[in-house]
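Read through the structure below, which is laid out as structure tokens, and then see the notes.
Positions are given from 1, in the same order as the sequence printed here. Order of appearance sets the numbers: ligands from 1, and atoms from 1 within every ligand. The analysis underlying the following values was restricted to heavy atoms, covering all of them including side chains, and did not include hydrogens, waters or symmetry mates.
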Amino acid sequence: MQDLIEFDEQRKVFHLHNTKISYLFSVEDGNVLSHLYFGKAITKYHGQLRYPRIDRGFSGNLPGSTDRGFSRDTLPQEYSSNGTGDYRIPAVIIQHNNGSYADAFCFKNYKIENGKPQLEGLPQAYVKNPNEAQTLTVTLEDQINQIEVDLLYTIYRNRAVITRAACVKNNSKDSVTLEKVASMQLDFVAKKFDSICLPGAHANERHFDRAKIDYGVKSFESRRGTSSHHMNPFVALVDEKTDEFSGEAYGFNFVYSGNHAFQIEKDQIGQTRIVVGINDYDFSWKLDAGKTFQTPEVLLVYSANGLNEMSQEYHHIIRERVVRSKFKYQERPILVNNWEATYFDFDEEKLKPIVDEAKSLGIEMFVLDDGWFGKRDDDTSSLGDWKVYHKKFPQGLKHFSDYVHEQKLKFGIWFEPEMISIDSDLYRAHLDYLMQVPKRDPSPSRSQFVLDMSRAEVRDNIYTQMVEILDEGIDYVKWDMNRHLSDVYSLGLPPKQQGEVYHRYILGVYELLEKLTQRYPNILFEGCSGGGGRFDAGWAYYMPQSWTSDNTDAIARLTIQYGTSLAYPISTITAHVSAIPNHQTGRKTPLKTRSDVAMSGVFGYELDLTQMTLQEKNDVKEQVAFYKSIRKLVQFGDFYRLKNPTNGNQAAWMFVSSNRDEVMVFVFQILAFAQPEFTKTILVGLDEDRTYQDVVTKEEFTGLELMNLGIYDPVAQEDYTSKIYHFKALK
Ligand code: DGJ
């Protein structure tokens with residue numbers, strides 16, 4: 001088995017490599033760890049590249065050295081120290097016992113091992129056997145402060161992916177305060193970048209946003225206690241010319257669901273630094289003597305061939321080595337969810353006809369959304385009381401779930417475990433479970449408050465309540481979170497340690513998720529946070545799919561799903577057909593378009609099936625049967641973005657099976673025009689010489705034709721139309 005990591009003792013160069021990528025760094029003067037290269041695989045590196053020496057004014061030199069050509073301030077580094085001459089963004093800031101914030105971390109030693117060590121209590125990419133990856137741990141040390149930092153690098157054998165994380169160890173006799181601990185840093189020389197990030201808002205998540213990186217510091221971050229709708233924990237740095245199919249792209253996907261920051265700095269001489277990790281906003285961590293602090297990890301991806309290749313690397317690693325559930329390769333059930341059908345206004349008798357209708361249409365699961373518990377008739381009460389609402393289910397929940405099961409449908413249920421209403425038995429019994437700063441009234445959001453999930457007794461209470469429900473034959477859980485953290489304070493920690501609460505909150509949530517997902521391996525968990533407010537790789541470790549957005553409008557979903565696909569696999573992206581006029585935008589789109597958009601993800605319905613006309617029901621029946629026939633290809637095939645709807649009138653994407661036998665192409669036309677320009681869709685990813693047959697028209701094309709001549713898009717006669725092509729390769 002060929003080694004993936006080498007250390008050239010003589011030149012002091014580390015080389016992580018596989019058939020796709022190389023990652024190189026060296027131990028430089030003063031034992032400073034210096035970045036050399038991350039990019040296309042270099043089969044043999046001779047170690048010639050040295051960072052040029054030049055005396056730069058106001059960039060100081062190493063203590064005790066007379067060499068004015070070498071400065072920490074300009075050197076590309078692997079993990080920069082604070083307060084000792086590098087004026088760029090530091091990776092780590094520690095306040096020491098004497099009040100100082102200064103460190104100078106230097107190379108101490110290293111270790112190479114097969115496989116990938118487990119990061120305790122955190123989500124992460126994993127290995128199935130130790131031969132598929134190797135891990136390098138480089139230990140840096142500040143000898144004066146007696147602090148060590150382990151930098152962890154894992155390289156997989158056949159992926160353009162490197163995972164990075166850091167672990168701080170306090171070897172001194174005093175406790176210190178961590179003010180910032182990034183998971184990774186990467187410095188680039190001689191590159192001009194654009195950033196691509198995924199900003200948004202509730203019901204408007206993950207828009208593809210591209211901008212030039214210029215001088216100064218740019219930060220993409222969340223301070224909301226969760227990964228958020230507002231800025232997804234994914235950023236790419238790409239060459240100015242990079243497009244979907246050509247050019248360099250570096251992806252940074254943070255496997256974490258709390259506050260994050262991606263800080264990018266273009267320095268005084270045009271070099272670019274990116275630092276990724278837990279946001280240092282309101283963060284501090286008391287690290288006692290002898291203790292360690294482990295950061296979450298980042299999935300780094302390199303693509304020499306544009307954004308699609310970068311995305312496919314993410315799709316594969318998240319699907320294959322982040323998602324753990326037994327459902328990871330299982331075709332996901334087509335569901336109907338009652339939220340937009342009924343909101344809070346339902347009871348068992350009202351839901352049964354929807355279940356019956358679902359059964360007759362071939363739908364496979366019924367999901368009971370918000371409002372089944374406590375005394376919940378609207379969103380002002382009962383969060384925290386996970387007991388069935390007898391007014392709505394007089395004979396208990398089991399009676400209703402049995403009914404659903406008798407119709408041969410699976411039964412799913414909604415929870416919002418991290419929340420508490422003032423009007424709840426939980427609050428009346430445990431006022432202190434609600435997170436708030438002493439003496440200060442906490443701020444409501446959607447009339448609800450956050451539970452202090454950093455405290456074990458709070459988690460245990462919720463766990464015990466949930467288990468009672470989950471033991472009653474539940475097949476699926478939708479885990480929601482409908483507000484962000486504010487008034488962050490924990491009674492479980494002393495005043496000086498309140499800077500730990502944000503991180504301890506999410507560690508607590510992860511611990512609860514671990515317990516529940518281990519106890520219920522047969523339950524399919526779906527993430528949700530007011531739609532796609534916690535759509536991140538950390539969450540995917542526990543939940544193989546997530547509700548992408550509360551916006552179910554087909555046209556709005558084009559940009560949302562397009563942006564989401566940049567960093568996350570289609571098998572994680574859930575999408576439902578809803579009623580018109582759409583409840584979020586008021587738009588009226590054809591049923592076919594709504595269904596084609598939803599079929600581009602993990603498919604379902606979110607409307608009152610009983611209110612549809614006979615014609616619509618027949619259409620839905622066909623859609624359901626059709627999706628079942630293409631579901632494997634959509635959920636687990638290779639996905640390619642073809643046309644970006646962000647600033648255009650069209651969206652297009654396609655799915656190709658791994659052996660390139662089967663192909664689905666989706667083309668969406670947003671507005672119609674009287675004098676339309678003709679447009680084409682050019683396919684990609686096919687075998688050039690094979691013949692592909694259109695399953696409907698029986699027309700035949702070679703792969704070369706489809707990938708060069710392409711196909712003319714139909715001329716739209718009305719707004720919001722779509723077209724699907726289904727090709728199969730002839731034997
Ligand atoms: C927000 C979710 O995204 C919706 O689908 C629905 O579950 C509501 N919460 C219920 O309160």
Quick note on ligand 1: atoms under 4.0 Å from a heavy atom of W547 include exactly 3 (O), 5 (O)
Quick one about H503 and N259 (side-chain donor to acceptor, distance below 3.5 Å, no hydrogens or angles considered), yes or no?
no
Give the atoms of ligand 1, by number and element, whose distance to some non-hydrogen atom of G531 is under 4.0 Å.
3 (O)
If you count the atoms of ligand 1 from 1 in the order shown, which ones are under 4.0 Å from a heavy atom of C528?
2 (C), 3 (O)
For the NZ atom on K375, are there more than 12 heavy atoms of other groups (residues, nucleotides or ligands in this structure) within a distance under 6.0 Å?
no
What part of D379, side chain from CB on, backbone N/CA/C/O, both or neither, has a heavy atom under 4.0 Å from ligand 1?
neither
Which of the numbered atoms in ligand 1 are below 4.0 angstrom from a heavy atom of K478?
4 (C), 5 (O), 6 (C), 7 (O)
Within the 4.0 Å heavy-atom shell around D370, which atoms of ligand 1 are there?
10 (C), 11 (O)
Please classify the H576 to ligand 1 contact at 4.0 Å (heavy-atom distances, strictly less than): side chain, backbone, both or neither.
neither
Using a 4.0 Å cut-off to any heavy atom of D550, which atoms of ligand 1 qualify?
1 (C), 2 (C), 3 (O), 4 (C), 5 (O)
So, does D480 use its side chain to make a donor-acceptor pair with the main chain of G530 at under 3.5 Å?
yes
Under a 3.5 Å cutoff, is there a donor and acceptor pairing between the side chains of E526 and S546?
no
What atoms of ligand 1 come closer than 4.0 angstrom to any heavy atom of W414?
7 (O), 10 (C), 11 (O)
Would you check if there is a donor-acceptor pair between the side chains of R332 and Q545 at a distance under 3.5 Å?
yes
Just by distance, do the side chain of Q465 and the backbone of G384 share a donor-acceptor pair under 3.5 Å?
yes
Considering the heavy atoms of G530, write down every atom of ligand 1 situated less than 4.0 Å from one of them.
1 (C), 3 (O)
